[in-house]
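Reviewing the structure listed below.
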Amino acid sequence: MTSQVRGVQLARLLGQWHALPGRRRSPDYAALAGAVRGLLADGRLPLGVRLPAERELAEALKISRTTVTAAYRELRESGHLASRRGAGSWTMLPGTHRVASTGLWTPLDDRDMIDLGVAALAAPPELLPAARAAAEDLPRYLGGAGYHPTGIIELREAVARAYTDRGLPTSPDQIMVTNGTQHALDLVLRLALAPGGNVLVEAPSYPNALAALAARRARITTHGLAVEEPGWDADLLLGGLRQARPKLAYLIPDFQNPTGHLMSAALRERVVATAHSVGTDLVVDESFVDLPLDGTMLPPPTASFDRHSRVVTIGGMSKPFWGGLRIGWVRASAPQVQRLAAARVGVDMASPVLDQLVAVHLLADAPAIVAARQAQLTAQRDALLAALAQRLPEWRVTVPHGGVTLWAELDGPISSALSRAAEEVGVRLAPGPRFGLDGTLERFLRLPFTLPAADLVEAVGRIAAVRYDLDRGGRSQWREPAVIA
Ligand SMILES: Cc1ncc(COP(=O)(O)O)c(C=O)c1O
């Protein structure tokens, strides 16, 4: 499979690629090569695609062909490009790279890196005892084949009970256990969305959800979220649904990733009613629903406003407990669950029994574990906010009252350039454009508060140092981005 990126497409992805002003100024060809490496590392430029011919890219970027030739040469030398005379140049990665937990490509020697690309906590101390207890339980399952396409009954009961306790009566046959929330989304999309189907998503949104939609070749309409509360503009969102009449809408109403916003009960009700009236199915991602902070009261679950099986809810253990468990679920009508289970047989058959038993034990201890997570996240968020206020006071942030991330509006469309500079001083960032489409959102940066406070403070110090370094030559060369979501 060979795909090709055209000159204008690459130019759009590259955005503000120019050599940065100030002390760190490098020649244009090196800056161009660095920007291409950045796109490869964060997944916006796939591996194995053919880059435009030198002349075509030079025209698209309005620079000399010699600069492009030198940049391509540097990329070949660093192992990021393979060329065959007369045939073209393909993107690749040096053998020293691997896929990091963010899904991004990273060099192997990154042990000292402070990784702010991942928005997930290390495992809680209760994990090991839960794993030991699960091993004790395992003999009960060993007499069978071990395939449970909707999940083991104990876990489905525990998950159903948690929904019922939140005011959404749920029976175990409305639950299908999956290998994480991402897997849940992928399965739902396989069932609910024909290739090329029309989908509405928030902008910014969760990058791996966008990747799952891209894999279905979805045609995407976006609803832009504001940095400030309440984030969603009710009229625009409902108008967007009425106008686009998408087959499906993917929303994260509970401490949205990346903005941290919480959708009001009133808007949930109106979104569900409007979706039904225009024939849109809603996929509601509740990844962060267990993590309200500051005593924030949760509105009723979005599905509690659903009278017509329009809402499929997905969620999982990764954020309140541990991502390494790979346990998530779908809550839908019982017939939908049966259809999902049938679709799953062609994918992965079922989830591991042992991991599901670990999840059962953790859920039995959920109130204590989650309370400790909330206390930890509150302290880390506050340390991050204090460091930002002190070191980068011109950045605008809204304090998130839940979840694990904050969404900062920067003092210029510099997110990708800043991420590249930060990588050099040992801080990995996920730049704003990762959370949108078409390379927009350069003015924003997601900062998770899942690492210890000392690491967050150190990371902000390093980011501030490279930020002000970018500034030395003056800021005037930055242009306003075409679109700000
Ligand atoms: C909104 C959202 N959905 C899904 C996921 C993936 O979760 P899981 O690890 O359960 O697959 C994440 C992880 O960051 C997320 O933020």
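No experiment lies behind these values; they were computed from the predicted model shown. In listed order, ligands and their atoms are each counted from 1.
At a heavy-atom cutoff of 4.0 Å, ligand 1 is contacted by no atom of Met317, backbone or side chain.
Of the N or O atoms in Thr181, one or more lie within a sub-3.5 Å distance of an N or O in ligand 1. For ligand 1, the polar-atom distance check finds an N/O of Arg326 within less than 3.5 Å of one of the ligand's N/O atoms.
Closest to atom 6 (C) of ligand 1 among all protein heavy atoms lies Tyr206 OH, 3.4 Å. Closest to atom 1 (C) of ligand 1, if we only count protein heavy atoms, is Asp285 OD2, 3.3 Å.
Using a cutoff of 4.0 Å between basic side-chain nitrogens and carboxylate oxygens, Arg166 and Glu286 are scored as salt-bridged. Between Asp186 and Arg190 there is a salt bridge, since at least one side-chain N of the basic residue sits less than 4.0 Å from a carboxylate O of the acidic one. Salt bridge status for Arg326 with Asp355: absent, with no side-chain N to carboxylate O gap under 4.0 Å.
Ring geometry for His308 against His276 counts as parallel: the plane angle stays under 30°, on a 0 to 90° scale with 60° as the upper cut. Between Trp407 and Phe435, the ring planes lie perpendicular to each other; the angle is over 60°, past the 30° to 60° tilted range.
Heavy-atom proximity to Ile252, at under 4.0 Å, picks out these atoms of ligand 1: 1 (C). The atoms of ligand 1 that sit less than 4.0 Å from any heavy atom of Gly180 are 10 (O), 11 (O). Residue-ligand proximity, Lys319 to ligand 1, at heavy-atom distances under 4.0 Å covers atoms 12 (C), 13 (C), 14 (O). Interface atoms of ligand 1 facing Phe288, defined by a heavy-atom separation under 4.0 Å, are 1 (C), 16 (O). Close approach to Asn257 involves these atoms of ligand 1, each under 4.0 Å from a residue heavy atom: 15 (C), 16 (O).
Ile463 pairs in a side chain to side chain contact (heavy atoms under 4.5 Å, CB included) with only one of the listed residues (Leu429, Ile114, Leu388), which is Leu429. Checked against Leu282 for a side chain to side chain contact (heavy atoms under 4.5 Å, CB included), the options Leu251, Thr274, Leu200 give a single hit: Leu251.
Pairing each heavy atom of Ile153 with each of Pro172, the nearest pair is CD1-CB, 3.9 Å.
In this structure, His183 falls outside the shell of residues with a heavy atom less than 4.0 angstrom from ligand 1.
Of all the listed residues (Ala209, Ser205, Ser318, Gly403), Ser318 holds the heavy atom that lies closest to atom 9 (O) of ligand 1.
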